[in-house]
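Hydrogens, waters and symmetry mates are skipped; everything else that's a heavy atom, side chains included, is used. Model, not experiment: these values are computed from the prediction.
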Amino acid sequence: MSEEKKVDAVAEVAAIPTLETVGDDRKHLHRKLEPRHLQMIALGGTIGTGLFVGSGATISVAGPLGVLIAYAIVGILVFAVVSALGEMTTQVPVSGAFGEISTRFLDPAIGFTLGWNYYFQWLLTIPAELAAIGSIPQFWFPDTPAWVFTLIALTLLIGLNLLGVKVYGEIEYWMSLIKITAIAIFSVVTIAIISGANKELGVIGFRNWDGSKVDGAPIISFLGIMNCFTNAFYSYGGSELIGVTSGEAKNPSVAVPRAIKGTFWRIVFLYLGSLFLIGLTIPLTDENLANTDVRMSPFTRVLQYAGVAAGPDIMNVVILISIFSAANGAIYAATRTLQSLAANKMAPPFLVSTTKTGVPLVSILITCFFGGLALIGAFVGNTQVFNFLVNILSVSTLVCWSCILLTHLNFRRIWRIQGRKDEDLVYKAPFYPYFDYLGLTIAGVVLGFFIYNAATLTFDVVSDAPYYAGLPLFIVPVIIYKFYQGTYKFGVDPATVDFDTSKNGGIYETAEDEKLELETSNTWWAKTVRVLA
């Protein structure tokens, strides 16, 4: 990195307001997340039931090669979104990045809709994860009601989130490390099984990919691949969380780009690698492959092939940790998004307040309260209504990711209009603008398939209506916001767009121990990106 860029970066960090410059008005988030926290969150923070439990069902639908194609396609979209979001939040490190970034660089109405959509997405994730947490311990304690374990988990989660962002980062670091270690051990065991270290199957190799020996292998059908997209989106969900954490990262200029690289490796090795090994080991003819019972997850089944009697116990512990981590991340993302909306005057102003330690207390309590109400509805209410809302938000997730790519395209356009050079960006998303266009194409094709599938098959309200309602529920709030603001103009004025202020509504504080650690990476990855970008 040149001396000029170092000086500019130092000046940028120095410009971030501190308590001394803005006053102790209890509206500050603290930059306490270490680079290692962000790296581990990016690597393993969102790994959960989608991979550990649902991967077998997707293989049974698409075949061992078909599922790899589906996950690779969605993985490209995910990495495009994370890279685009990373470039913007590294340049302007704000918390609750989804709504704030779109408000600043695309249109306030989009930012308003995106922010609230993202908040409700995580709000409904909380009860879904808590319900799963309640059911898993029943494997060991079948006579204890699930709500007991759920209540214990919710109490722990609230307590941990009230301790501050550094505790959140530390907890996520260790839970992610456990998940990654478990997958690494699983991979070694699976390779040994494929090579012949099993009870009675001998050397497996690519036998289960041979269509002449296993009906449906390696690809069942094109339709099967398309049907895998739903679980793929669910599995990858939350990958963009690194953008939300940038507002509380000690040194986003270094930490966020490193974490984005972690996302790439997570997609390649943790997701695609695990699916590849499972597809090699378990044949499509295995009746337990499509079983979504945690005791018969594909990871458990592989351990059974190896003769590990404690396989179900081991995987239940790993999955319980994974779901607890996912619920912890859901509360974190929801509360930071809600506070960011309040800072932008898109939510009640009292939601922006924090404690002296930078904890958004009011946002946490309100989020957990409504998340708890939704949980009660999931246990005793109409689960069809709950599933309907979750399906709507799954469509909205696709729309959200598309909006981030559109925002990134406009971000770069305005950057150049203001006479700035791409070389001056703190971090450059690789393969711009082709990655953005490719991601938008994938999102459009997948959404089109969802709508076509819903229109041509027997109509089911819960399963199909969300694909019709998802887009209108995104567009209507935009129209309402425009009407409320009394303007019908779309977009922002390039001349007034602010690239240099990383605070929003005065809610960001530079932690006292924050240090600037600018460095040039000499890894093959960094060199390749610099050449290709």
For [X] and [Y], which heavy atoms make the closest approach, and how far apart are they?
| X | Y | result |
| --- | --- | --- |
| P93 | R31 | O-NH2, 3.1 Å |
| S195 | V203 | O-CG2, 3.5 Å |
| G329 | L241 | O-CD1, 4.4 Å |
| A429 | E87 | N-OE1, 2.7 Å |

**Message:** Quick check on side chain to side chain contact (heavy atoms under 4.5 Å, CB included): which of N161, I366, T354, L162 does L361 satisfy it with?
**Reply:**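 With L361 as partner, N161, I366, T354, L162 yield a single side chain to side chain contact (heavy atoms under 4.5 Å, CB included), made by L162.
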Side-chain donor-acceptor pair under 3.5 Å between [X] and [Y], yes or no?
| X | Y | answer |
| --- | --- | --- |
| T367 | T335 | no |
| Q138 | T144 | no |
| R301 | Q304 | yes |

Just by distance, do the side chain of [X] and the backbone of [Y] share a donor-acceptor pair under 3.5 Å?
| X | Y | answer |
| --- | --- | --- |
| S83 | A80 | no |
| N227 | L223 | yes |
| N316 | P312 | yes |

Reported [atom1]-to-[atom2] distance for the pair [X] and [Y], which is rounded to 0.5 angstrom:
| X | Y | atom1 | atom2 | result |
| --- | --- | --- | --- | --- |
| Y332 | T245 | OH | OG1 | 5.5 Å |
| Y168 | L33 | OH | CG | 7.5 Å |
| K32 | E248 | NZ | CD | 11.5 Å |
| F186 | I193 | CZ | CD1 | 7.5 Å |
| I41 | R266 | CD1 | CZ | 11.5 Å |
| T441 | I73 | OG1 | CD1 | 12.0 Å |

**Request:** Just say parallel, tilted or perpendicular for the rings of Y173 and H37, cut-offs at 30° and 60°.
**Result:** perpendicular
Side-chain donor-acceptor pairs of residues 268-279 under 3.5 Å, sequence neighbours excluded:
from	atom 1	to	atom 2	distance (Å)
Y271	OH	S235	O	2.8
S274	OG	L270	O	2.6

**Request:** Verify side-chain contact (heavy atoms from CB on, under 4.5 Å) between F233 and V446, making sure each step is shown before the conclusion.
**Result:** CA-CA 10 Å; F233 278 113; V446 172; 3.4 Å; yes
